[in-house]
Amino acid sequence: MPELPEVETALRGVSPYLDGFTIEKITVRQPKLRWAVSPELVELKNVKILALGRRAKYLIIHTEKGYIVGHLGMSGSVRIVPHDSPIDKHDHLDIVINNGKLLRYNDPRRFGAWLWTEDLDEFHLFLKLGPEPLSDEFNAEYLFKKSRKKTTALKTFLMDNAVVVGVGNIYANESLFLCGLHPLKSAGNLTRKQCGLIVDTIKTVLTKAIEQGGTTLKDFLQPDGRPGYFAQELLVYSNKDKPCPKCGTKIESLVIGQRNSYFCPHCQKKK
DNA sequence: AGTTGAACCTGAACGC
DNA sequence: TGCGTTCAGGTTCAAC
């Protein structure tokens, strides 16, 4: 489900109900997620939340004892509900707050994760992550150097978390369309100029998507229950056989690196 | 070292 | 209506 804008939206939605409050306890109903839920979470009692943050698509709850690291996987979501709210199917975990509310995590496919670490810098899942797409570290020179000698398809390259984090299937497709670059173009053949265009476009697309509360394809909801509004602006993603917004040519689709890809064969050239 | 694809899981949508 | 098949917003890890 969620790419960076959806995770950022979720974080902003839940923060006012968590930040500065105390976690009374964490209830786990289904520990079998992408990885087993860290046992430390169940042991937590009455710990103060110091701050909330995000790294890549991970939510981070900084407590006085350590860090809760959450991931929404493909189908996960979080919402804020009262303590006595009835439990729905796939409501796997609750973080109970001392303000009458709790953060409830629902995830049908269970590709998400809830883990514990006392040292974020040593956290194993963070070690190989590339820069944040909205940071200055993600710039034309970086992308140019990183892409040298890579034979991978450009789209696969951009979705690689070791290159840049947070760019999932929707925004990779949308960004490449806006750049006029073919998703199968070999990453190693990019020019400096093209790298600059890609960097600028990704930043613009992600920023705009965050402003609109993310993309709702079918089941993503902001924590307040509203959908994301970016879906109304999707130019190519899931629009196979529809006319290209720029030239009217039928949008094509192609599986690249196990993920469906959408592009305009006229506007997006391999060269 | 770089690249590819199997695996994790449920449910909605589609074809017959 | 029912049943089998395909596909889905992510990511790791094993095997070429």
Side-chain angles (χ1 to χ4, degrees), chain A residues 1-10 29-37 54-59 69-78 88-93 105-115 123-130 133 145-175 183-189 202 205-206 209-210 212-222 227-241 253-262:
Chain A
M1 77 66 84
E3 299 187 34
L4 189 145
E6 291 74 43
V7 177
E8 185 66 30
T9 298
R29 287 179 214 88
Q30 170 56 278
K32 291 181 184 174
L33 303 178
R34 178 70 166 81
W35 298 280
V37 172
R54 177 187 60 72
R55 172 73 172 110
K57 295 170 191 164
Y58 296 92
L59 298 162
V69 179
H71 196 290
L72 301 178
M74 288 278 258
S75 57
S77 61
V78 288
D88 281 347
K89 197 172 183 184
H90 307 305
D91 282 345
H92 303 314
L93 179 145
Y105 162 71
N106 181 286
D107 188 355
R109 292 179 72 182
R110 289 192 274 124
F111 285 172
W114 288 93
L115 303 169
F123 188 56
H124 65 291
L125 293 175
F126 288 5
L127 293 179
K128 291 185 301 178
L129 293 180
K145 283 196 177 135
K146 196 78 178 175
S147 59
R148 293 311 84 188
K149 295 181 181 171
K150 293 279 169 80
T151 57
T152 333
L154 174 54
K155 175 159 175 281
T156 308
F157 175 71
L158 293 176
M159 291 178 68
D160 182 350
N161 282 334
V163 174
V164 60
V165 301
V167 181
N169 202 23
I170 295 180
Y171 301 111
N173 278 300
E174 293 298 300
S175 299
L184 278 181
K185 178 183 174 69
S186 177
N189 290 343
I202 286 176
V205 169
L206 292 180
I210 290 170
Q212 313 221 0
T215 298
T216 294
L217 287 185
K218 50 176 195 160
D219 54 15
F220 174 74
L221 294 179
Q222 304 185 50
Y229 296 98
F230 195 75
Q232 297 159 11
E233 298 201 14
L234 294 179
L235 301 172
V236 290
Y237 183 85
S238 84
N239 289 345
K240 180 177 160 67
D241 290 337
S253 76
L254 196 60
V255 175
I256 302 172
Q258 308 182 88
R259 311 305 298 276
N260 217 345
S261 307
Y262 302 85

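In what follows, chains are A, B, ... by sequence order, proteins preceding strands, each numbered from 1. It should be emphasised that the depicted structure is a prediction, and the values quoted were computed from it without experimental measurement.
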Rounded to whole Å, CZ of Phe157(A) lies from P of dT4(B) at a distance of 13 Å
Do Leu4(A) and Ile210(A) have side-chain heavy atoms sitting under 4.5 Å apart? yes
A side-chain contact here means heavy atoms from C-beta on lying under 4.5 Å apart; do Leu115(A) and Phe123(A) qualify? yes
Rounded to whole Å, NZ of Lys146(A) lies from C1' of dG2(B) at a distance of 12 Å
* Asked: Looking only at side-chain N and O atoms, does Arg259(A) come under 4.0 Å of OP1 or OP2 in dC7(C)?
  -> no
query = When we call it a touch if two heavy atoms are under 4.0 Å apart, what does Thr156(A) touch: a base, just sugar-phosphate, or nothing?
reply = nothing
Separation of dG10(C) atom P from Leu4(A) atom CG, nearest Å, is 11 Å
Taking dG9(C), dC8(B), dT3(B) as options, the one with an atom nearest any side-chain atom of Arg34(A) is dC8(B)
Inset, instruction - Please check the phosphate of dG11(B) (OP1 and OP2 only) for any side-chain N or O of His90(A) closer than 4.0 Å. - result: yes
In whole angstroms, the gap separating C1' of dT12(C) from CZ of Arg109(A) amounts to 15 Å
When all nucleic acid strands are considered with a 4.0 Å heavy-atom cut-off, which category describes Asn161(A): base, sugar-phosphate, or nothing?
sugar-phosphate
In whole angstroms, the gap separating C1' of dA1(B) from NZ of Lys149(A) amounts to 11 Å
Separation of dG9(C) atom C1' from Lys155(A) atom NZ, nearest Å, is 11 Å
task: Verify, without hydrogens or angle tests, whether Arg55(A) (side chain) and Lys57(A) (backbone) share a donor-acceptor contact under 3.5 angstrom.
output: no
Picking from dT4(B), dA7(B), dG9(C), the nucleotide nearest the side-chain atoms of Thr152(A) would be dT4(B)
Checklist entry - dA8(C) phosphate, OP1 or OP2: any side-chain N/O from Asn260(A) under 4.0 angstrom? => result yes
Item to check | Donor-acceptor contact present, side-chain Asn106(A) to main-chain Lys89(A), <3.5 Å | outcome: yes
When both distances are under 3.5 Å in a Watson-Crick or G-U wobble arrangement, the nucleotide paired with dC13(C) is dG5(B)
Residue pair Thr151(A)/Gln258(A) against DNA chain B: nearer the 5' end by closest nucleotide is Thr151(A)
When rounded to whole Å, the CZ to C1' distance for the pair Phe123(A) and dT12(C) reads 13 Å
Which is true for Tyr58(A) with a 4.0 Å heavy-atom rule: it touches a base, it touches only sugar-phosphate, or it touches nothing? sugar-phosphate
Q.
Applying a 4.0 Å non-hydrogen cut-off, can you work out what Lys32(A) is touching in the nucleic acid: base, sugar-phosphate, or nothing?
A. nothing
Phosphate OP1/OP2 of dG2(B): any Lys150(A) side-chain N/O under 4.0 Å: no
Which of dA8(C), dT11(C), dT12(C) is nearest the side chain of Leu125(A)? It is dT12(C)
Check whether any side-chain N or O of Thr152(A) sits under 3.5 Å from a backbone N or O of Phe157(A) as a donor-acceptor pair, and report yes or no. no
Between CG of Asn106(A) and C1' of dG11(B) the distance, given in whole Å, is 12 Å
Students often get this wrong, so: under 4.0 angstrom with heavy atoms, is Tyr171(A) touching a base, only sugar-phosphate, or nothing? nothing
Checklist entry - Any donor-acceptor pair under 3.5 Å linking the side chain of Glu174(A) with the backbone of Leu235(A)? => result yes
Of the listed dA7(B), dC9(B), dG10(C), the closest approach to the Arg110(A) side chain comes from dC9(B)
Q) If you measure from the P atom in dC7(C) to the same atom in dG5(B), how many Å do you get, rounded? A) 15 Å
query: What nucleic acid atoms does Lys89(A) come within less than 4.0 Å of, heavy atoms only: base, sugar-phosphate, or nothing?
result: sugar-phosphate
task = Report yes or no: is the ring centroid of Phe111(A) under 5.5 Å from the six-membered base ring centroid of dC9(B), with the two planes under 30 degrees?
result = no
